[in-house]
Number of protein chains: 2
Amino acid sequence: MAGKGRLTQRDIARLAGVSQATVSLVLNDAKAAAGRIPAETRERVHKAIRDTGYVADPIARRMAKGLNRILGVFTYEPAFPSAQADFFVPFLLGIEERAQALGYDLLLLTGASGPRGQRKIFHENNRLRLADGCVLLGREFDRAELRKLMSSDYPFVAVGRRDPVGGKLAPYVGADYVSATADLVHRARDKGHARLAYIGPETGAESSVDRWKGFVSALGDARLVYQLTEVGGDARAMLSAIRKAKATVAFFTELADAIVVEAAARSQNLSVPGDLSIVVLGSHLRPQLSGTRFTTFSIPREQMAGVATQMLAERIEAGSPGTQVVLRCDPIEGETLGPVPNSKGMK
Amino acid sequence: MAGKGRLTQRDIARLAGVSQATVSLVLNDAKAAAGRIPAETRERVHKAIRDTGYVADPIARRMAKGLNRILGVFTYEPAFPSAQADFFVPFLLGIEERAQALGYDLLLLTGASGPRGQRKIFHENNRLRLADGCVLLGREFDRAELRKLMSSDYPFVAVGRRDPVGGKLAPYVGADYVSATADLVHRARDKGHARLAYIGPETGAESSVDRWKGFVSALGDARLVYQLTEVGGDARAMLSAIRKAKATVAFFTELADAIVVEAAARSQNLSVPGDLSIVVLGSHLRPQLSGTRFTTFSIPREQMAGVATQMLAERIEAGSPGTQVVLRCDPIEGETLGPVPNSKGMK
DNA sequence: CTCAGATGCTAATACGCATTAGCAGCTAAT
DNA sequence: ATTAGCTGCTAATGCGTATTAGCATCTGAG
């Protein structure tokens, strides 16, 4: 393709009887050539372009100009494979929509896998540079790489809050898990719950930390009577531990856990929320997977990605430094948070 | 960014006390420089690269070489927006996986919308050229554009069978809807069904034509007693028309139609498949959306996309012409195809 | 001692475009 | 009649890399 038949501006120039420079000027229209190139010449050039179907080579364009209206999308972690799909797709949708509106194309950075299948931004054949800037996706970031990226002047924006590295904050668009989680805890307390269980980690990814922080901040005189920091455990075991601790409501960071525990409860003739309330702290999985409408909050994933994309475009175009944004998560009423069972009130 | 701090081979050359050409030779290692550049010099260059963190600019690289290990993904039709997401995402997954394995990045062609929001491959600012080749997605293709593409020497592969244009076959990887549909018809006939209904178009996209072709080819002495070529109609109307025609089984090309008709049937106390069998001719929607497990066939979407990507890579790298491939669709037993009701056999 | 051949490297160029300086030719003001 | 200023265009250059031709220098055979 590129090799032989490829038309160049020189070909057009010859056909129109002008110089290559003139063709370029006509193509880039606007200011420079404004009063300078008469309509008649312009038309000759356009005709030659129409006749031949010429299109400018974006590579050469980028080579000459430095920008090519391409945004990179970099995903840490295994990647795309089906299991992760539900996590990434909504973000991708949000990015795609905004990119389209802004006139950018999207480059999915895929090839580069590190040792254990993780990806690395910086590696010998750094593709990132192909794009004018880059959106970073992923639950956990490699901090060393993030620092390196920040010390370069390559424009990027992360989706999801990021802790500062080296005392500096990366530009990001996150979700306010802290408030959203605290809000759910308050709702539970308003319904009389005072013995809470928490199934999820306190540390690790920023998103985990934020949920935990929100949970703790709203505890008040309620008590955490059971905690399990490992997710994906055995449903029956989780359920019996929760029951044994006499927790009346369980908070799950993983929807998957909530689903299996709820199923286990049903199979033991326990009613949810009659005997046990369940709250899910947001989720990346599709709620439809389960028939149950859990009490939770929605993560504005498409919006996060859209805002991040917008910010990235501004970094690129205006050279602005980028900021930190958190978007609120709307509560979802659901039907798994009820009043405390057996409280001294009515049955 | 690109402007100032950017390191170039010239910088490395200066640091290592060699020429730019030498740096390039060292970087591209292998044959040419094999015996020519002594380890000592090579090491000096590598050290300078390590010290500075230099990475070659892929744009310039492509400029000089002609290839950049990027595959384009072009989607006809509105694109990505949520409604279409379930259609495109599985293909994207398949492409992404194969691309990663082959060391390609993915360029999502998005920006360019045609007049009515459709996209055009050929338009003024043809981004396609950024990619070494392109995977084409979409139910319906613009035949004029396809012809144009075929007459160029730009490498591409379509996902989904395509009719020949101008007497020539485009390279594609499709699914064998003909056989899969015929197989389902045979199953229905084996269960005694002789009065069939078909809800779906006979013409239009290749995939529609193929289903219809398979359906007709397997009819035998069964009869098509009702047909509706428009999809997305009113559920009650569809159901009553099917019942009125005394069809015992209805074939749907759209899962969505099947879902609503089945729901309508239930609400009228009709049993599926007790009173009416329902067969769905494959689907791009998630089956989970409905609680019902329909009798249908699976479309090997990820596999199709993967094979197409592989073929594209071969077209690009080896200059092979590309072929036509159809993959088989596995039947899904489901629970909506039963024996004929009220036949002269038992109740 | 000469010269062919190997060795180690560099200068030059191409890739396709954008951009800048500036050259003719012409008009109009002095 | 001179010249300043405009109009319409082009030559030349740069972007960062890959690649080729070829220049020194050295080695060893004759």
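Below, chains carry the letters A, B, ... as their sequence lines are ordered, and counting in each starts from 1. These numbers come from the heavy atoms of this one structure, side chains and all, not from hydrogens, waters or symmetry mates.
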Any salt bridge between R50(A) and E43(A), counting N to O under 4.0 Å? yes
Separation of atom CD1 in I59(A) from atom P in dA14(C), rounded to whole Å: 21 Å
Compare side-chain N and O positions of S19(B) against OP1 and OP2 of dA11(C) and report whether any pair is under 4.0 Å apart. no
Q20(A) (side chain) and dA11(D) (base): donor-acceptor pair under 3.5 Å: no
Give the rounded distance in Å between these two atoms: CG of D57(B) and C1' of dA18(D). 13 Å
Are E40(B) and R44(B) close enough for a salt bridge, meaning some N to O gap below 4.0 Å? yes
Using whole Å, report how far CZ of R42(B) lies from P of dT7(C). 13 Å
With a 4.0 Å cut-off on heavy atoms, is V23(B) in touch with a base, just the backbone sugar-phosphate, or nothing at all? nothing
Here the distance between atom C1' of dT19(D) and atom CG of N28(B), to the nearest Å, is 10 Å
Closest of dC9(C), dT10(D), dA18(C) to the K65(A) side chain is dA18(C)
Between C1' of dT10(D) and CZ of R10(A), the distance in whole Å: 14 Å
Could you state the atom-to-atom distance from CD of Q9(B) to P of dC15(D) in whole Å? 14 Å
Kindly indicate whether the side chain of V55(B), heavy atoms from C-beta on, has any atom under 4.5 Å from the side chain of L7(B). no
Out of dC9(D), dC17(C), dG8(C), whichever nucleotide has its closest atom nearest the side chain of R61(A): dC17(C)
Is there a side-chain contact between Y54(B) and the phosphate of dG16(D), meaning an N or O under 4.0 Å from OP1 or OP2? no
T75(B) (side chain) donor-acceptor with L137(B) (main chain) under 3.5 angstrom: no
Rounded to whole angstrom units, what separation is found between the CG atom of D11(A) and the P atom of dG16(C)? 9 Å
Nearest-nucleotide wise, let me know which of A21(A) and A64(B) is further upstream toward the 5' end of DNA chain C. A64(B)
Nearest whole Å is fine: how far is dT17(D) P from R62(A) CZ? 12 Å
Closer than 4.0 angstrom, basic N to acidic O: yes or no for E302(B) and R98(B)? no
Quick check on dA18(C): is either OP1 or OP2 less than 4.0 Å from any side-chain nitrogen or oxygen of S24(A)? yes
For T22(B) and for A60(A), find the nucleotide of DNA chain C with the closest heavy atom, then tell me which residue's nucleotide is more 5'. T22(B)
